[in-house]
Every structure is written in C-alpha cells, then in structure tokens.
Asks: 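Mind having a look at this structure? Questions to follow.
The sequence lines fix the lettering, A, B, ..., with proteins before strands; numbering per chain opens at 1.
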Amino acid sequence: MHWADVIANNLIKKGNKHVLATGITPSGPIHVGNMREVITTDAIYKALIEKGAEPEFIYIADDYDHLRKLYPFLPDFFKKYIGIPICEIPCICGKHESYADHYLISFLDSLKKLGITPKVIRASEIYKNGNYNHSIQIALENVEKIKDIIENISKRKLPKNWIPFNVKCINCGKITETKPILYEFPNIEYKCNCGYEGSADIREGGSGKLPWRIDWPARWKMLGVTFEPFGKDLGTVGGARQTGEKIVKEIFNYSPPDYTVYEFILLKGKGAMHSSKGTALSSEEMLAMTPPEVLRFLIVKNQPNKHIVFDPGFGLLNLVDEYDQFERIFFGKEDIIKGMKDIEKIYELSQPYKIPNKIPFQIPYRHLVTIVQISKEWKDIKKILLRTKQIPENIGKFEEKNIKQRTKHVEYWLKFFAPNKLKFEIKNKLPNLKLLEKQKKIINALIDKLNSIEWDPNAIHKEIYAISEIENVSIKTTFTTLYQILLGQNEGPRAGYFISNLDRDFVMNRLKEAVK
RNA sequence: GGGCUUGUAGCUCAGCUAGGCAGAGCAAUCGGCUCUUAACCGAUUGGCCAGGGGUUCGAAUCCCCUCAAGCCCGCCA
C-alpha cells in the first residue's frame with residue numbers, strides 16, 4: 001500500500017473529519033525541501049478524499065515571526081529589521097506589501113502550479129484579529145507549568161522572569177527586545193532594549209506573540225488540527241513536538257495531532273538544503289526546469305521518512321524519464337516491472353489536477369535537450385518534430401501545449417543546470433577552421449551521398465560509417481569533422497539523430513562551404 | 001551523549017504497512033557493419049539481501065542484539 005493510503009487509513013480509524021495543517025515561515029525563498037511538507041500533506045489529503053473522508057487542508061504562513069538574522073541574500077541595511085515581524089518589514093523588491101509577502105506570494109504561486117490549494121491562514125491576521133487572545137491568556141495563567149514542561153523536556157534553562165509571551169515594543173516594533181516586568185491581567189508592563197517602557201494589553205490583538213513552543217500547541221487546539229507533518233529536526237527528543245504534546249494536553253486540554261516525520265531533500269554533492277548557506281534549490285527554480293507533476297512525483301514516490309538525494313544535473317533527466325515510464329505503465333503501454341510498487345497510486349498522486357484520460361504525447365526529455373539547442377522558437381521546434389515524424393500532423397492543442405511547455409523547462413534547465421558536456425550551439429557561420437586533406441575528402445564524399453539518401457537518423461548514421469570505410473578514414477575523424485563544421489567543437493550529440501533534426505539544405509550548404 | 005534514518009549486484013536504488021522463485025537502471029561482456037556524448041536495440045554475466053540470533057512450514061521483509069554510514073539535537077524542513 002502506498003504510504004499516503006496507510007496514513008489516511010490510520011486517520012480514518014479515528015474519525016471522518018480531519019484538519020491537515022502545514023506551516024512554513026516565508027522568511028526567505030521557499031526551497032524544494034520545504035515543498036515536501038506541503039506535497040506530502042496534499043497526498044494524504046487526496047487519499048482521504050478518495051476514501052470518502054472529509055479533510056480540510058490548511059497552510060499557516062508564519063508571517064508574524066520575526067526576522068532572525070541578516071541572511072546572506074539580504075542587503076546590509078536589513079540588519080535594522082532583525083527582531084521585527086516579517087509582515088511588518090518592507091518588501092525586499094518593493095513590489096509586495098511586505099517582506100513576508102515577497103516570499104509568500106511566489107510560494108503560493110508555486111502551490112497553485114502544483115495543484116495544491118490549501119486554505120491559507122496568515123499568522124499575523126489571527127494574531128491581530130484577536131483569535132489568539134484566549135490562548136495567550138491561558139498561557140499566561142500557566143507560566144510555571146509551562147516553564148516546568150519546557151525545562152524538563154528540553155533540558156533548557158529559562159530565565160527567571162520568563163513568560164510564555166513575547167511583547168511587541170510599541171516604539172521600535174521588535175518582539176525580541178522586550179523584557180516583561182509585571183503581568184496583571186490584562187496588562188503586561190515591559191521594558192524594551194530600545195529604551196522604551198510601557199504596557200501592553202493582551203486583549204488587543206497583535207500586542208505580541210507566543211514563542212514557538214507554545215504557539216504550535218495553541219494553534220492545534222485553536223484550529224482543531226488532527227494531522228500535521230514536520231521535519232526530522234523537530235522530531236528530536238526534547239524538541240518542539242515533544243514539549244508541544246505535553247503543553248497541548250495539560251494546558252490547552254486537546255489531543256496532539258497525528259503526524260509523519262519527513263526527511264530532508266539533499267542536493268547531490270552538497271548535502272542538506274539551507275537557504276542561508278546557499279545550498280538550496282528554490283521551488284520556483286525546480287518548477288522552471290521540470291513540469292509540476294515531476295516535482296510531485298519526486299516527493300510522492302519516496303516514503304516521507306526517507307531522505308531524497310536530488311541531482312539537478314543529469315539526475316533530472318533520469319527523473320523525468322522515470323516519470324514518463326510510470327506514465328506509460330499507468331496507461332498500459334508498457335509492462336510493469338517486477339519490484340515496482342504502487343505505480344498507479346504514485347502516478348495519480350503526481351498529477352497536479354485531473355488525471356489525463358489518455359496518455360499524453362511523450363517526447364523524451366533528452367531528445368528535447370538536443371532539439372531545443374538547435375532551434376529556439378517553438379514554431380521551428382515544431383517543424384523539426386513534424387518533419388522527423390516525432391509528432392503527428394494532427395496533434396491536438398492540449399498535447400502541443402504540453403510539449404511546448406516542456407521545451408520551456410528544458411531551456412531553463414540548459415541555461416542554469418545542465419552539465420556543459422550536453423551543451424552545444426549551431427554556429428550560424430562556418431567556424432574558422434583548417435581542414436586536413438583527408439577531412440576534405442570525407443566531407444566531399446558525404447556531400448555526394450547525403451544528397452540522395454533518406455533524411456533519417458539511421459540512414460545518415462549508416463552513410464557516415466559506410467563512407468568512412470570506403471575512404472579509409474577513422475570513424476572518429478569523420479564525427480569530429482562534422483562537429484567542427486556544424487558546432488565548432490569536437491564532440492556533439494549522436495550524429496545520425498542530430499543531423500536528421502537539422503534542415504537538409506542547411507547541412508548541405510554548410511558542408512560545401514567547408515570544403516570550398 | 002540522545003534521537004531518527006539507512007545498509008540488497010561493481011555503482012545508484014526498488015522490493016520491507018500483504019512474510020511466498022532476488023528485481024530494475026547504469027557499468028561490464030558478447031552480438032546487431034568498425035558505433036562519437038546521457039536519445040540505439042538484443043542477449044549474457046553479476047547477490048551469504050551488513051553480521052549474529054529469534055518467531056515461522058517458509059524471512060531481504062516481523063522481533064532482539066552487534067557493527068558501519070548519513071542526518072538532526074537555539075531557530076531551521
């Protein structure tokens with residue numbers, strides 16, 4: 001059984017209605033690793049629906065969290081915003097309402113492409129509109145209990161006058177600099193490092209924020225969360241999940257939600273992703289170089305508790321190939337391979353929206369990698385595909401759009417991630433080169449032959465061999481010569497396929513020019 | 001120190017939440033006209049499923065122990 005079904009079944013044992021929660025702080029570019037939380041939850045959400053349950057899927061944007069430090073991608077002057085909630089810091093590009101929105105909007109945009117449509121809740125809103133007030137009051141009534149729980153479980157020593165609430169300074173706007181002096185419902189008198197002294201009324205929304213270890217359990221209760229996955233780092237002993245379980249039971253009187261711990265996605269050769277260390281692949285980048293179903297596929301086919309090593313170089317081609325293979329098997333075009341499990345389910349869960357009712361037209365990614373480098377414009381690419389009969393004349397609009405979209409992804413990949421070994425450029429002028437006599441001889445012979453043969457990969461390939469043999473030139477020399485003339489380099493894509501994709505007249509003229 | 005995960009072919013990994021013949025891809029070897037790169041085709045080779053114990057008619061799969069590796073343990077996915 002697929003893991004999403006296993007989890008869904010366990011949830012259904014407890015009831016039919018569920019609230020699945022996810023939460024990612026938009027304090028920087030959201031990377032593919034972060035995406036795992038949302039895609040994992042979406043898979044469970046869809047499995048629940050299929051089984052007739054009534055799940056609700058929510059995403060909480062922690063935009064009331066403060067800026068923790070000056071991340072490497074931020075300009076120096078952002079230093080002054082450290083400690084201020086990210087929804088109250090100006091946007092880094094100036095086009096969004098706030099710092100948080102800058103990252104949040106593009107994240108939500110990615111979600112849409114992935115077919116993930118949770119109810120979005122902004123932490124800043126539920127703080128400001130007072131939804132949290134009751135929880136804040138309860139937390140402040142149980143200071144000692146909460147302190148005990150956190151100190152016992154996390155082995156962390158909290159300061160003497162610690163309270164489970166960070167007051168926001170009304171003067172400097174920071175929530176990290178204030179020290180509480182006296183709490184007497186409903187007011188907290190505080191002193192801020194900026195010099196300001198004042199009083200906050202917790203009945204007023206947005207007067208401050210619960211620290212993470214209390215915020216999380218308070219939220220479970222407030223929103224009725226029954227399932228929420230989290231990363232392995234939070235699952236550790238003494239971590240927020242463990243203190244949260246106890247706090248939610250003993251302070252907020254609510255059962256902790258079910259969960260699954262998900263592992264990190266590692267970048268090949270670089271290890272775990274950290275936006276702050278520059279070793280992250282953002283979800284926008286990923287969605288620019290693959291279709292969304294492939295990103296879903298990557299997450300869905302792996303058990304959440306297994307780490308994924310993702311290779312954005314050659315590995316991406318294999319991933320897309322594998323997806324295409326699953327698709328062929330799903331539609332019965334290819335036999336299932338022994339040992340492959342849950343193929344149908346994985347394919348279904350990989351679809352952002354509807355499952356296609358017939359197999360989409362497939363052109364291998366690797367092949368597109370070659371064609372896209374031959375022609376930049378879609379209409380030219382289409383011409384090649386038609387001429388080489390890789391797509392039928394009567395191709396449907398939807399299918400055409402699909403392939404066109406893939407070429408866009410391939411272009412992006414070539415630009416930013418493809419290994420140099422795979423890149424080439426058709427020179428629009430004959431490269432400056434001096435051919436040896438035997439090279440000229442072979443090209444002349446080719447010109448004669450290529451005129452008359454069928455313009456197809458195998459025929460071209462065979463002709464190249466035949467002529468090399470007749471002229472007694474090493475095959476290597478022939479290939480190298482062709483690449484030099486067409487690409488200005490010594491190596492290139494498989495010659496037969498490659499040349500057949502080029503315009504015949506272009507090739508003939510170029511060859512003639514080369515031996516003039 | 002604590003926790004989680006992993007260990008299956010030369011390499012990368014499926015198969016473990018259904019206990020029932022050990023599986024793919026790549027590499028290698030051979031063949032397809034002498035085949036250049038990650039868009040070829042067919043065949044062949046290749047495994048004490050980390051090691052030990054237990055449960056079972058039957059274990060890669062479930063349980064226990066040992067060893068090794070990776071990651072996490074202020075915030076972080």
Asks: Would you say the rings of A:Phe498 and A:Phe424 are close, in the sense that their centroids are separated by under 6.0 Å?
Replies: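 Under 6.0 Å, so yes.
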Asks: Taking atom C1' in both B:rU17 and B:rG53, what distance in whole Å separates the two?
Replies: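 Nearest-Å result for B:rU17 against B:rG53 at atom C1': 25 Å.
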Asks: Take the protein atom CD of A:Gln242 and the nucleotide atom P of B:rC4, then report the distance between them rounded to whole Å.
Replies: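 Result: 11 Å.
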Asks: Side chain of A:Lys306 only, heavy atoms from C-beta on: which candidate in B:rC16, B:rC71, B:rA39 is closest?
Replies: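 The closest nucleotide is B:rC16.
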Asks: On RNA chain B, check which nucleotide each of A:Ile371 and A:Ile265 is closest to and give me the residue with the more 5' one.
Replies: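 Whichever sits nearer the 5' end wins; that is A:Ile371.
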Asks: A:Asn318 near the nucleic acid: base, sugar-phosphate alone, or nothing, with a heavy-atom cut-off under 4.0 Å?
Replies: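 Since a base atom lies under 4.0 Å of A:Asn318, the category is base.
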Asks: Evaluate the ring planes of A:Phe326 and A:Phe297, with Trp represented by its six-membered ring, and classify them as parallel (under 30°), tilted (30 to 60°) or perpendicular (over 60°).
Replies: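 Aromatic pair A:Phe326/A:Phe297 classed perpendicular.
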Asks: Rounded to the nearest Å, what distance is computed from the OH atom of residue A:Tyr262 to the C1' atom of nucleotide B:rC71?
Replies: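 Distance, rounded to whole Å: 15 Å.
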Asks: If you assign A:Gln325 and A:Asn302 each to the RNA chain B nucleotide with the nearest heavy atom, which residue ends up on the more 5' nucleotide?
Replies: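 Taking each residue's closest nucleotide, the earlier one in sequence belongs to A:Asn302.
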Asks: Considering only the C1' atoms, how many Å lie between B:rG23 and B:rG31, rounded to the nearest integer?
Replies: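 Here B:rG23 and B:rG31 have their C1' atoms 25 Å from each other.
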Asks: With sugar-phosphate meaning primed atoms plus P, OP1 and OP2, does A:Trp212 contact a base, only sugar-phosphate, or nothing at under 4.0 Å between heavy atoms?
Replies: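 Sugar-phosphate, no base atom in range.
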Asks: Which of the following nucleotides, B:rU36, B:rA39, B:rA77, is nearest to the side chain of A:Asn501?
Replies: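 The nucleotide sitting nearest to the side chain is B:rA39.
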Asks: Among the candidates B:rA77, B:rC40, B:rC75, find the nucleotide nearest to the side-chain atoms of A:Tyr497.
Replies: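 Side chain of A:Tyr497 sits closest to B:rC40.
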Asks: Which dot-bracket string fits RNA chain B when only Watson-Crick or G-U wobble pairs with both atom distances under 3.5 Å count, crossing pairs get [ ], and | stands for a partner on a different strand?
Replies: (((((((..((((......[..)))).(((((.......))))).....(((((..]....))))))))))))....
Asks: Tell whether A:Lys232 reaches the base of B:rC72 with its side chain through a donor-acceptor pair below 3.5 angstrom.
Replies: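 Check fails, no donor-acceptor contact within cut-off.
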Asks: Could you check which of B:rA39, B:rC71, B:rU36 has an atom nearest any side-chain atom of A:Leu422?
Replies: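 Of all the options, the side chain of A:Leu422 is nearest to B:rA39.
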Asks: Answer with base, sugar-phosphate or nothing: what part of the nucleic acid does A:Arg494 contact at a heavy-atom distance below 4.0 Å?
Replies: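 Touches a base.
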Asks: Rounding to the closest angstrom, what is the interatomic distance between B:rA9 and B:rU29 at atom C1'?
Replies: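 Per the computed distance, 15 Å lies between those C1' atoms.
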Asks: Go through B:rC72, B:rG74, B:rU5 for me and flag the one nearest to the A:Arg156 side chain.
Replies: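 Nearest nucleotide to the side chain: B:rG74.
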Asks: Roughly how many Å is it from NZ in A:Lys345 to P in B:rA14, rounded to a whole number?
Replies: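 It is 21 Å, rounded to the nearest whole Å.
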Asks: Enter the distance from A:Leu281:CG to A:Phe416:CZ here, rounded to the nearest 0.5 Å.
Replies: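 The CZ atom of A:Phe416 is 12.0 Å from CG of A:Leu281, to the nearest 0.5 Å.
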Asks: Does the plane of the ring in A:Phe78 sit parallel, tilted or perpendicular to the ring in A:Tyr81? Use 30° and 60° as the thresholds.
Replies: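 Answer is perpendicular, since the angle exceeds 60°.
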Asks: With heavy atoms under 4.0 Å as the rule, sort A:His307 into base, sugar-phosphate or nothing.
Replies: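 If one applies the 4.0 Å heavy-atom cut-off, A:His307 turns out to touch nothing in the nucleic acid.
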Asks: Looking across every strand, which nucleic acid part, if any, lies under 4.0 Å from A:Asn305 by heavy atom: base, sugar-phosphate, or nothing?
Replies: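 The residue A:Asn305 makes sugar-phosphate contact but no base contact.
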Asks: CG of A:Leu266 versus C1' of B:rC4: gap in Å, rounded?
Replies: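 For the pair A:Leu266 CG and B:rC4 C1', the rounded distance is 14 Å.
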Asks: Examine A:Tyr323 together with A:Tyr365 and report whether their ring centres are nearer than 6.0 Å.
Replies: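 Here the rings of A:Tyr365 and A:Tyr323 have centres that are no less than 6.0 Å from each other.
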Asks: In whole angstroms, how far is the P atom of B:rU6 from the CZ atom of A:Phe264?
Replies: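 A:Phe264 atom CZ is separated from B:rU6 atom P by 16 Å.
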Asks: Once you measure the plane-to-plane angle for A:Tyr347 and A:Phe330, does it fall in the parallel (<30°), tilted (30-60°) or perpendicular (>60°) bin?
Replies: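 Correct class here is tilted.
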Asks: If we take the P atom in both B:rA77 and B:rA39, what is their distance in whole Å?
Replies: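 So the two P atoms sit 37 Å from each other.
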Asks: Between A:Leu319 (CG) and B:rG25 (C1'), how many Å, whole number?
Replies: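 These atoms are roughly 14 Å apart.
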Asks: Would A:Arg328 and A:Asp324 pass as an ion pair if we require N to O under 4.0 Å?
Replies: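 Looking at A:Arg328 and A:Asp324, the cut-off is not met.
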Asks: By nearest atom, which of the nucleotides B:rU17, B:rA38, B:rU5 is closest to the A:Val6 side chain?
Replies: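 Looking only at heavy atoms from C-beta outward on A:Val6, the closest nucleotide is B:rU17.
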Asks: When the P atoms of B:rG3 and B:rC64 are considered, how many whole Å apart are they?
Replies: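 Their P atoms lie roughly 14 Å apart.
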Asks: Just compare B:rA77, B:rA38, B:rU36 and give me whichever is closest to any side-chain atom of A:Arg366.
Replies: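 Looking only at heavy atoms from C-beta outward on A:Arg366, the closest nucleotide is B:rA38.
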Asks: Might you work through the side-chain contact (heavy atoms from CB on, under 4.5 Å) test for A:Ile24 and A:Tyr59, ending with a clear yes or no?
Replies: CA-CA 8 Å; A:Ile24 296 165; A:Tyr59 161 70; 4.0 Å; yes
Asks: Closer than 4.0 Å, any side-chain N/O of A:Arg213 to the OP1 or OP2 of B:rG74?
Replies: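 No, no such contact exists.
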Asks: Of all the choices, B:rG70, B:rU36, B:rC72, which nucleotide is nearest to the side chain of A:Glu263 once you look at every atom?
Replies: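 Minimum distance to the A:Glu263 side chain belongs to B:rG70.
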Asks: B:rG74 C1' sits how many Å from A:Arg241 CZ, rounded?
Replies: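 Taking atom C1' of B:rG74 as the reference, CZ of A:Arg241 is at 20 Å.
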Asks: Between B:rU36, B:rC75, B:rA77, which nucleotide has the shortest distance from any of its atoms to the side chain of A:His461?
Replies: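 For A:His461, the side-chain atoms sit closest to B:rU36.
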Asks: Using a cut-off of 4.0 Å on non-hydrogen atoms, how would the nucleic acid contact of A:Leu234 be classed: base, sugar-phosphate, or nothing?
Replies: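 Result for A:Leu234 = sugar-phosphate.
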Asks: Between A:Asp215 and A:Arg219, is there a salt bridge with N-O shorter than 4.0 Å?
Replies: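 A:Asp215 and A:Arg219: salt-bridged.
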Asks: Hey, what's the ring geometry for A:His461 with A:Phe479, parallel, tilted or perpendicular (30° and 60° as the breaks)?
Replies: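 Ring orientation, 0 to 90° scale: tilted.
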Asks: Given the C1' atoms of B:rU61 and B:rA50, what is the spacing between them in whole Å?
Replies: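 These two C1' atoms come out 16 Å apart once rounded.
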Asks: On a whole-Å scale, what distance lies between the C1' atoms belonging to B:rG52 and B:rA68?
Replies: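 One C1' to the other, the span is 15 Å.
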Asks: To the nearest angstrom, how far is A:Asp321 atom CG from B:rA24 atom P?
Replies: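 Rounding to the nearest Å, CG of A:Asp321 and P of B:rA24 are 18 Å apart.
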Asks: For nucleotides B:rC63 and B:rA24, find the distance between their P atoms and express it as a whole number of Å.
Replies: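 Result for the P pair: 28 Å, nearest Å.
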Asks: Mind checking if A:Tyr365 touches a base, just sugar-phosphate, or nothing, with heavy atoms under 4.0 Å?
Replies: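 No contact.
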